Amino acid sequence: MIRRVLLHGLGRGLLTRRPGTRRGGFSLDWDGKVSEIKKKIKSILPGTPRDLLPDTSHLPPEHSDVVIVGGGVLGLSVAYWLKKLENRQGGMRVLVVERDHTYSQASTGLSVGGICQQFSLPENIQLSLFSASFLRNINEYLAVTNAPPLDLQFNPSGYLLLASEKDAAAMESNVKVQKQEGAKVCLMSPDQLRNKFPWINTEGVALASYGMENEGWFDPWCLLHGLRQKLASMGVFFCQGEVTRFVTSSQCMLTTNDEMVTLKSIHEVHVKMDHSLEYQPVECAIVINAAGAWSAQIAALAGIGKGPPGTLQGTKLPVEPRKRYVYVWHCPQGPGLETPLVADTSGAYFRREGLGSNYLGGRSPTEEEEPDPANLEVDHDFFQEKVWPHLALRVPAFETLKVQTAWAGYYDYNTFDQNGVVGPHPLVVNMYFATGFSGHGLQQAPGVGRAVAEMILEGSFQTIDLSPFLFNRFYLGEKTQENNIM
Amino acid sequence: MAAPWLSLRLVAPMWNGTRGIHRLGGAVVPEGNQKKERTMLQFLTDHFYDVEALRGYLLQREMSKVHLKNRSFTWLEEQHGPYSAGAFFILKQGGAVKFRDKEWIRPDKYGHFSPEFWNFREVPVEAVDASDCEINYEGLDNLLLLKELQSLSLQRCPHVDDWCLSRLYPLADSLQELSLAGCPRVSERGLACLYHLQNLRRLDISDLPAVSNPGLTQILVEEMLPNCQVVGVNWAEGLKLGPEEQPQDPASPVPA
């Protein structure tokens with residue numbers, strides 16, 4: 001348009017000038033004149049007229065109220081609840097920055113997709129219960145006009161946890177807490193177990209806990225897609241890029257004990273585009289770290305952990321990526337349609353997949369066996385030596401099975417106490433965490449998203465109190481330990 | 001603001017679109033005319049904020065109507081006992097109830113039913129026919145008050161889905177007959193939860209559009225519930241024809 005205006009203006013100028021500069025009348029060669037004029041403009045102006053309005057559609061906006069680093073299920077859940085709980089429609093501009101739009105290494109897509117309430121901490125149980133009700137009513141929460149309803153492919157088959165003699169007492173007390181919080185879990189003795197599931201070999205099993213309702217597994221991609229669709233309709237900005245720098249400003253303040261404390265606040269986020277040096281500085285008020293397995297790097301960019309060890313400044317975010325394998329096998333004589341997700345005493349777990357006698361499962365390696373998280377290559381020997389013997393012992397039908405495929409994914413593993421980190425950082429006042437769930441992020445995402453949104457909008461947790469999950473516990477050394485991790 | 005004359009015209013096709021809360025389960029919808037109305041509606045929704053807001057509001061209203069129908073009647077349990085409370089819920093939804101040794105109580109076409117069941121404090125409900133009722137997950141709270149139920153029919157219930165089936169296990173001791181024919185949201189994943197109902201003798205799973213492979217599902221359910229007669233699907237349905245039985249129709253695609 002500017003080009004046309006320039007041409008028009010210049011054209012008229014030339015026309016008015018012509019009787020003065022040239023003898024003779026008008027010539028009727030208008031097209032020729034236009035191309036001459038275009039050439040003149042090209043020589044006068046630097047570059048082509050296209051540079052006047054460069055295409056910035058791939059860049060994030062220059063200002064955003066909230067920047068969420070990480071576009072997995074936790075990041076999207078925080079964005080959803082921020083938009084849902086804001087007091088005024090359109091009151092908050094939320095930007096979700098995700099490095100990889102194909103989600104090829106994201107924990108969400110590679111997850112087994114289970115949801116269960118069989119935890120020992122009441123907060124975890126409540127988060128899981130709320131997530132179950134969120135998934136049940138997902139078409140009310142994530143309804144978008146014109147879009148078809150979501151089908152999560154939820155299997156309500158439940159979780160069956162097996163305990164040996166030494167873990168039986170802990171399981172009993174856990175089940176008591178779970179029942180108190182409202183989860184529908186029942187304890188079974190080995191005889192009852194044999195009656196109910198004749199394909200189990202109950203050798204070494206002293207007690208089992210079986211979740212009857214609100215437990216099972218679902219398709220995480222569907223949840224991700226539903227959240228993205230809903231967020232796009234609510235006006236959340238998405239950007240594909242990597243956060244490379246935080247620009248912070250500090251303030252020295254005195255505490256009541258007359259100690260000096262340096263409080264930092266992030267006021268700019270530099271988002272770098274893929275395969276180029278181009279970056280966009282985004283001015284922001286709040287940053288949410290939902291980067292999953294890479295959260296520690298984002299925290300380090302903000303200066304968390306840069307200080308003498310043992311002080312609050314020197315406390316790093318103890319989240320690191322840990323690789324976990326999932327194997328899919330076919331066993332025609334295996335357990336039937338009613339099979340729950342069975343977690344063995346040895347830590348091996350398996351569940352059915354579809355109607356065709358396919359199963360998938362794996363096992364968490366011990367500390368010595370931890371694989372190198374540098375890549376997502378699968379170690380098939382791990383299945384042969386560490387997983388299959390336990391499965392074959394527990395389910396004799398699995399002695400003859402054939403592995404079809406396998407994949408690996410990351411846990412955002414919290415090395416401190418294997419539970420999530422939620423809430424603000426005490427020193428970097430506007431960075432909020434929603435990460436470190438060590439394999440439970442997917443099932444607790446709706447609850448955690450709501451908690452972080454409440455923390456930002458109201459200043460404190462309103463529905464589920466997640467104070468045991470704040471960052472302070474790493475400095476104070478208070479572990480919020482969870483007993484069952486798969 | 002959209003032109004005022006548009007709002008009048010929109011009401012008629014809108015109702016066809018939002019009556020579709022029943023179609024949320026993906027039941028088969030007649031194409032053609034529906035499709036034309038739907039694309040017109042989609043076009044308007046994409047281009048007018050008012051249309052989008054109105055459609056959103058109407059959908060929310062449909063959903064809250066269903067919530068209202070499924071509100072909890074457990075407070076009636078203290079006054080009249082669990083059986084009467086559960087029976088009241090079913091009758092209010094439009095279903096029918098049969099108490100032990102009594103006749104079926106059905107509401108008439110105006111929704112009125114006889115209040116005699118309030119007197120049956122100690123008489124358990126034997127059979128419930130909740131066909132075409134809008135029962136959902138929350139409404140099952142009321143249905144599960146009927147502890148000695150023997151026969152339950154949930155045919156063509158639009159909101160009964162896999163989550164609801166996972167809640168039926170408290171009736172395992174007494175339930176002998178269950179019918180899920182025509183429920184648009186029930187899939188094979190929900191049918192796996194019926195394993196808890198070991199006393200089931202008759203299960204009807206015909207005409208479930210959300211089940212991906214009806215023949216295979218029928219076989220797996222029969223294996224899961226050996227004492228139960230599973231009705232509804234012909235297991236040979238999903239099988240492919242052998243080479244000698246191919247139809248001689250040149251227009252049909254070449255089979256794998």
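Here the structure is a predicted model, which is why all the values come from computation and not from measurement.
Under the side chain to side chain contact (heavy atoms under 4.5 Å, CB included) test applied with Thr145(A), the options Asp46(B), Thr45(B), Leu41(B) reduce to a single match, Thr45(B). In summary, of the residues considered (Leu337(A), Asn155(A), Leu152(A), Leu355(A)), a side chain to side chain contact (heavy atoms under 4.5 Å, CB included) with Arg189(B) occurs for Asn155(A) alone.
Note that the OG atom of Ser157(A) and the CG atom of Asp162(B) stand 9.5 Å from one another [nearest 0.5 Å]. Rounded to the nearest 0.5 Å, atoms CG (Leu59(B)) and CD (Glu140(A)) are 8.5 Å apart. Residue Lys196(A) holds its NZ atom at 5.0 Å from NE2 of His196(B), rounded to the nearest 0.5 Å. The CG atom of Leu135(A) sits 5.5 Å away from the CH2 atom of Trp163(B) when rounded to the nearest 0.5 Å.
For Glu215(A), no part lies near chain B; criterion is any non-hydrogen pair under 4.5 Å. In this structure, chain B has a heavy atom under 4.5 Å from the side chain of Asp151(A), while its backbone stays farther away. Looking at Tyr210(A), only its side chain comes within 4.5 Å of chain B, counting heavy atoms on both sides. Using a 4.5 Å cut-off between heavy atoms, Pro335(A) does not touch chain B at all. For chain A, the nearby parts of Gln42(B) are the backbone and the side chain; heavy atoms of each come within less than 4.5 Å.
Looking at heavy atoms from C-beta onward, Asn139(A) lies out of side-chain contact with Met63(B) at the 4.5 angstrom threshold.
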